Amino acid sequence: MKTDPHFYISRRSFLRRTMPVALGAGALGNHYLRDLHFMNSALASGPFSDYRALVCLFLAGGNDANNVIIPTVASEYANYANVRTPVLAIPNADGSTATARQFTKAAGGNYIDKDNHEFGIHPAMFEIGEMFNQTAGYNDLGQVAALLNVGNLSYPMTKAQYVANSVSKPPQLFSHSDQVTQFQTSIPDVPPSTGWGGRMADFLHSTNPQNGSLDVLATCITIAGTNTFEVGGTVQQYNVGTGGIVSLSNPSNPSTATTARDTALKAILTGSKNQANLFTSNYAKALDNTIATGAALSAGLSQSQMPTYWTTAANWSKTATIHQVVTPNGGSTFTSSLMQQMKMVAQIIEAGYRQAGVSGGIGMKRQIFFVQIGGFDTHTGQTNNAGSATPTNAQVVIGGQANLLADVSQSIWAFQKAMKAIGAQYGDANFINRVTTFTASDFGRTFPSNGLGSDHGWGSHHLIVGGAVQGRQTYGTFPTLAVNGPDDTSTGRWIPTTSVDQYAATLGKWMGLASSEIATVFPNLTRFPGSYGTGYLGFMA
């Protein structure tokens, strides 16, 4: 690589950044200890001979997916446009770049789902639309599927059950912090302790390279800070910035004092790891493992086998400016932090996939990543028609949400190009099938406009991208778009018809978890008929 893949901070800052990740779960009390015992009672998954990775792309704030997946049958669209009002209603598909991008089928014509719906996608998500449709130039970058009306559920729930309060609801519905935690744990009816990504990693991590009793590289890696999703019963998430790993010292400014401090720290850790006090020994082991993990990852990143690719700006932007997003139809141009996160994930995947012992390669078999983009809490300014006395179609396809969706679309597009390049670099024609990216969010948003944007909702639509995705299809059930209708709590908030458990378990099965392991990771899954055993949701090959 042309640039140094790591950055350096003080020991105090290092401890603030890494130790909450390593030990934060330990402060969760009895539920954490219960889950730790629960996880250790099961056999670990694997070993695996192939490589697979999951990338969780979290849309923080609650994405208005009503404007991501848009009904395009004339009668359904008329209802959509009437309720959303000109403030939010994206123009219907007519083949132009300023309207919903129509989903098509391989045999020709519009894609039609099992309930005879037809759909388009927000025009700002041009790349995702082209990948869904497998358009030439995009059909070698993996496939796209959409999962409809998924959300946090304790049990399946109908409108009648919601009104009668006869079935347990997830607590604190429509609350950001609660619904984020519930989505990331998939167990809304107990206090939070571990995330479903972390619980999956508890089973998967032992198939990865080991250094004695320690993982050479953490199975769970976050580029977006500490999160609940990757908290496991036994594994730790490892925090990496877009500039690279966190290091304790600055090799460009060596000094006797620095060397002495490092020597002293290692001596302290060696002694502390053998202390009878569990908190002392575990803290020391966690810090020692963090230092070792950083060293291993640093070696892998610094010896990338693709230096030209990683420094070519055109591969990370639709323009000649690195990490730049251009929102279609006259919207904003800006530098993307999400694209930088996705680039770092791609670099770590390349280092992890590289065979152990080859130029710093680590030889991982399973990895789980977390990235995040914020700003989706669009109560106001969702489109440029918000507050306008003369709303127009040109203004509704740009604005706050359009910028965010363009960022997501172009970042995923760039990432998929990276996955294709890694496969070409290593002569692995199947590599594009080894990595799956999926979206998640707090919740959906209200179907009616509040005049400036939309408010907190519940059920939402999500996207799954990758070569192993059974794409060019939608899964789940599209809600009836009617306020006070059969899928509405009363104000245009859709009651989910698919649970996070079903969504996540389908990804877990693809990652290689056995049925017994899935039952442990997702203890509520059997509450949802049709999702357990061999069924799941079918969007993964």
Side-chain angles (χ1 to χ4, degrees), residues 25 28 31-32 34-46 52-56 58 147 149-157 167-171 178-206 219-220 227-235 237 366 368 370 436 438-443 459-460 462 464 475-476 496-540:
L28 293 172
H31 290 289
Y32 173 80
R34 175 203 65 191
D35 287 355
L36 180 60
H37 173 77
F38 192 39
M39 299 303 298
N40 284 338
S41 68
L43 294 176
S45 192
R52 294 189 182 186
L54 278 181
V55 182
C56 176
F58 203 85
L147 180 58
N149 197 20
V150 59
N152 297 321
L153 285 169
S154 300
Y155 294 89
M157 181 175 291
V167 172
S168 176
K169 305 171 186 174
D178 294 282
Q179 298 309 300
V180 167
T181 299
Q182 290 174 30
F183 202 112
Q184 294 185 17
T185 65
S186 83
I187 311 175
D189 50 358
V190 299
S193 53
T194 58
W196 61 264
R199 296 195 301 273
M200 284 172 53
D202 284 329
F203 285 111
L204 297 170
H205 79 101
S206 62
T219 301
C220 289
N227 59 82
T228 302
F229 169 69
E230 293 182 312
V231 173
T234 58
V235 303
Q237 59 187 270
R366 292 294 186 270
I368 299 173
F370 182 85
T436 300
F438 66 97
T439 64
S441 192
D442 320 23
F443 38 56
S460 190
H462 288 288
I464 310 101
Y475 297 82
T497 44
T498 298
S499 70
V500 171
D501 309 71
Q502 295 167 290
Y503 184 17
T506 303
L507 293 167
K509 181 182 179 184
W510 175 76
M511 283 288 278
L513 293 178
S515 295
S516 60
E517 295 165 343
I518 288 175
T520 301
V521 174
F522 305 103
N524 292 351
L525 184 62
T526 53
R527 298 174 181 177
F528 301 94
S531 65
Y532 195 63
T534 60
Y536 298 93
L537 299 180
F539 57 77
M540 297 302 298

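Note that the coordinates shown come from a computational prediction; the quantities given were computed from them, not determined experimentally.
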Separation between [atom1] of [X] and [atom2] of [Y], rounded to the nearest 0.5 Å:
X      : Y      : atom1 : atom2 : result
Thr219 : Leu204 : OG1   : CG    : 7.0 Å
Asp442 : Gln179 : CG    : CD    : 8.5 Å
Ile368 : Leu507 : CD1   : CG    : 10.0 Å
Asp501 : Leu525 : CG    : CG    : 6.0 Å
Thr506 : Met511 : OG1   : CE    : 14.0 Å
Phe539 : Tyr475 : CZ    : OH    : 8.5 Å

Flag the pair [X] / [Y] as yes when at least one side-chain heavy-atom distance between them is below 4.5 Å, and no otherwise.
X      : Y      : result
Pro496 : Met157 : no
Phe58  : Val180 : yes
Phe229 : Thr185 : no
Ser499 : Asn524 : no
Leu147 : Ile464 : yes

Verdict with supporting geometry, Ser168 and Ser154, side chain to side chain contact (heavy atoms under 4.5 Å, CB included):
CA-CA 6 Å; Ser168 176; Ser154 300; 4.2 Å; yes
How far apart are the closest heavy atoms of [X] and [Y], and which atoms are they?
X      : Y      : value
Ser460 : Phe443 : CB-C, 4.2 Å
Arg199 : Thr194 : NH1-O, 2.9 Å
Ala201 : Cys220 : CB-SG, 3.5 Å
Ser186 : Val500 : CB-CG1, 4.1 Å
Glu517 : Ala514 : OE1-N, 2.8 Å

Under 3.5 Å: donor-acceptor pair, side chain of [X], backbone of [Y]:
X      : Y      : result
Arg527 : Leu153 : no
Thr520 : Ser516 : yes
Asn227 : Phe370 : no

Please work out which of the three classes, parallel, tilted or perpendicular, describes the rings of Trp196 and Phe522, given edges at 30° and 60°.
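Geometry flag for Trp196 against Phe522: tilted rings.
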Using the side chain to side chain contact (heavy atoms under 4.5 Å, CB included) rule, take Arg366 and Leu54 through it: C-alpha gap first, then chi angles, then the decisive distance, then the call.
CA-CA 8 Å; Arg366 292 294 186 270; Leu54 278 181; over 6 Å; no
Is there a donor in the side chain of Thr436 and an acceptor in the side chain of Arg52, or the other way round, less than 3.5 Å apart?
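Their side chains do not contain a donor-acceptor pair, so the 3.5 Å distance test is not met.
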Pair Gln184-Thr181, side-chain donor/acceptor within less than 3.5 Å:
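Side-chain D/A pair, Gln184 to Thr181: absent.
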Under 4.0 Å between a Lys/Arg side-chain N and an Asp/Glu carboxylate O for Asp189 and Lys169?
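No, this pair does not count.
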Step by step, would you call Phe438 with Tyr503 a side chain to side chain contact (heavy atoms under 4.5 Å, CB included)?
CA-CA 10 Å; Phe438 66 97; Tyr503 184 17; 3.4 Å; yes
Applying side chain to side chain contact (heavy atoms under 4.5 Å, CB included) to Asp178 and Gln182, what does each step give before you reach the verdict?
CA-CA 6 Å; Asp178 294 282; Gln182 290 174 30; 4.0 Å; yes
